[in-house]
Protein chains: 2
Amino acid sequence: MARLSDIIEEFIKSLIKQSEGELELQRNELAEYFECAPSQINYVLATRFSLDRGYHIESFRGGGGFIRIVKLNLDEDDYLLYLTNERIGVSITWQESDDIVTNILERGIINEREAAIMKAALRDKTIAVPKNLRGVIRANMLRAMLVAIISTQV
Amino acid sequence: MARLSDIIEEFIKSLIKQSEGELELQRNELAEYFECAPSQINYVLATRFSLDRGYHIESFRGGGGFIRIVKLNLDEDDYLLYLTNERIGVSITWQESDDIVTNILERGIINEREAAIMKAALRDKTIAVPKNLRGVIRANMLRAMLVAIISTQV
DNA sequence: AAGACAAAGGTCAAAGATGGTCAAAAGATA
DNA sequence: TATCTTTTGACCATCTTTGACCTTTGTCTT
């Protein structure tokens with residue numbers, strides 16, 4: 001776990017926690033602080049603060065420009081319906097599905113064990129079919145499991 | 001004269017013992033340490049740390065990638081291990097998998113919701129691939145989910 | 001107001017860092 | 001010798017890091 005991206009991720013998350021869900025930062029400043037390429041900040045934002053992980057990013061260029069990160073707090077039921085009806089299309093990657101499951105775990109919609117069961121089923125190794133088919137099966141699986149969760153909700 | 005694979009096996013086992021059942025290691029680092037081909041590490045993992053022998057392996061590629069080895073709890077999960085290693089073969093029908101899930105629900109190993117999630121994933125409709133492949137995927141899925149259950153058991 | 005320049009941030013593809021797979025070669029064993 | 005196991009290496013898949021080049025906005029000068 002020596003990845004710089006992970007370290008930057010944790011740093012940003014701690015800042016978000018301190019500022020209660022919303023944060024504004026400057027890309028170049030952060031890049032200088034971590035002695036990395038500015039574009040690495042974009043990479044961290046794209047991979048660790050994606051919508052699937054429950055964040056929203058806005059940015060503003062020009063002098064005085066900045067990046068705003070907002071931790072989203074949506075209604076559980078709406079979010080699950082959004083996932084099954086819109087987000088999960090005909091195909092989905094492992095990374096995306098993994099992010100989504102982590103996200104609903106963090107929102108308290110499912111527990112650790114349910115998340116572990118779902119993630120196990122969604123792994124590439126589990127779905128051992130040609131690549132083009134794999135994403136399609138995974139989308140079906142994730143959707144089916146989410147529907148099961150929705151219908152067992154109390 | 002002990003074979004290298006045996007030496008590596010013992011080495012890894014001692015690390016697992018030290019870290020109480022769960023270990024993360026880097027393939028290239030280990031290969032360098034033992035001055036062997038990286039793929040020999042895969043060989044050791046495949047032959048000595050298989051599910052049959054009570055281990056679960058997960059790996060992550062890319063910069064900072066690593067391999068996680070989890071020693072499963074053999075004593076308490078006898079029945080589950082029988083399922084993963086013997087009962088579920090290379091292929092399984094929907095009916096069989098559904099019965100197995102119902103069975104572990106009735107034994108109190110999983111709860112209603114976990115059963116619902118698993119059954120949703122195992123349905124024919126979810127695994128929309130040619131019939132001959134379907135049973136194979138289902139076997140992988142059921143096994144993977146059961147392993148997840150074993151390793152999240154407290 | 002127009003133009004020039006500075007100060008952000010964005011994109012994308014190449015290079016780097018891991019790990020995986022598979023089959024052939026080498027070695028051990030029956 | 002025949003067969004089984006181990007070792008190796010060539011080629012593949014995925015994630016991370018870096019850098020060259022682009023776009024947008026603000027400010028200063030004329």
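Letters go in sequence order (proteins before strands), and every chain restarts at 1.
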Listed nucleotide nearest any side-chain atom of [X], set [options]:
{"X": "R61(B)", "options": "dT18(D), dA8(C), dC12(D)", "value": "dC12(D)"}
{"X": "N28(B)", "options": "dT23(D), dT18(D), dG19(C)", "value": "dG19(C)"}
{"X": "Y43(A)", "options": "dC15(D), dT18(D), dT14(D)", "value": "dC15(D)"}
{"X": "S39(B)", "options": "dT21(C), dT7(D), dT14(D)", "value": "dT21(C)"}

Does OP1 or OP2 of [N] have a side-chain N or O of [X] closer than 4.0 Å?
{"X": "R48(A)", "N": "dT16(D)", "answer": "yes"}
{"X": "S5(B)", "N": "dT7(D)", "answer": "yes"}
{"X": "Q95(A)", "N": "dC15(D)", "answer": "yes"}
{"X": "R27(B)", "N": "dT18(C)", "answer": "no"}
{"X": "S59(B)", "N": "dG20(C)", "answer": "yes"}
{"X": "K125(A)", "N": "dT21(C)", "answer": "no"}
{"X": "N42(A)", "N": "dG9(C)", "answer": "no"}
{"X": "R3(B)", "N": "dT6(D)", "answer": "yes"}

Mapping C36(A) and W94(A) to their closest nucleotides on DNA chain D, which lands nearer the 5' end? W94(A)
May I ask you to decide whether E10(B) forms a salt bridge with K17(B), counting only side-chain N to carboxylate O separations under 4.0 Å? no
Test: D6(A) and R48(A) ion pair at under 4.0 Å: yes
Go nucleotide by nucleotide along DNA chain C from the 5' end; which of G62(B) and L25(A) gets its closest nucleotide reached first? L25(A)
Specify the separation, in whole Å, of atom [atom1] of [X] and atom [atom2] of [N].
{"X": "E58(B)", "N": "dT14(D)", "atom1": "CD", "atom2": "C1'", "value": "15 Å"}
{"X": "E32(A)", "N": "dG9(C)", "atom1": "CD", "atom2": "C1'", "value": "15 Å"}
{"X": "I67(A)", "N": "dT11(C)", "atom1": "CD1", "atom2": "P", "value": "10 Å"}
{"X": "R68(B)", "N": "dT18(C)", "atom1": "CZ", "atom2": "P", "value": "17 Å"}
{"X": "Q26(B)", "N": "dG20(C)", "atom1": "CD", "atom2": "C1'", "value": "15 Å"}
{"X": "D124(A)", "N": "dG19(C)", "atom1": "CG", "atom2": "P", "value": "17 Å"}
{"X": "E96(A)", "N": "dT14(D)", "atom1": "CD", "atom2": "P", "value": "13 Å"}
{"X": "R134(A)", "N": "dA13(D)", "atom1": "CZ", "atom2": "C1'", "value": "10 Å"}

Do other residues, nucleotides or ligands put more than 12 heavy atoms under 6.0 Å from the NZ atom of K13(B)? yes
So does K71(B) have more than 12 non-hydrogen atoms from other groups sitting under 6.0 Å from NZ? no
Quick one: is the NZ or CZ of R107(A) closer than 6.0 Å to the six-membered ring centre of Y79(A), and within 45° of its axis? yes
Decide whether I110(A) and L105(B) are clustered together by the hydrophobic rule: side chain heavy atoms of Ile, Leu, Val, Met, Phe, Trp, Tyr closer than 4.5 Å, transitively. yes
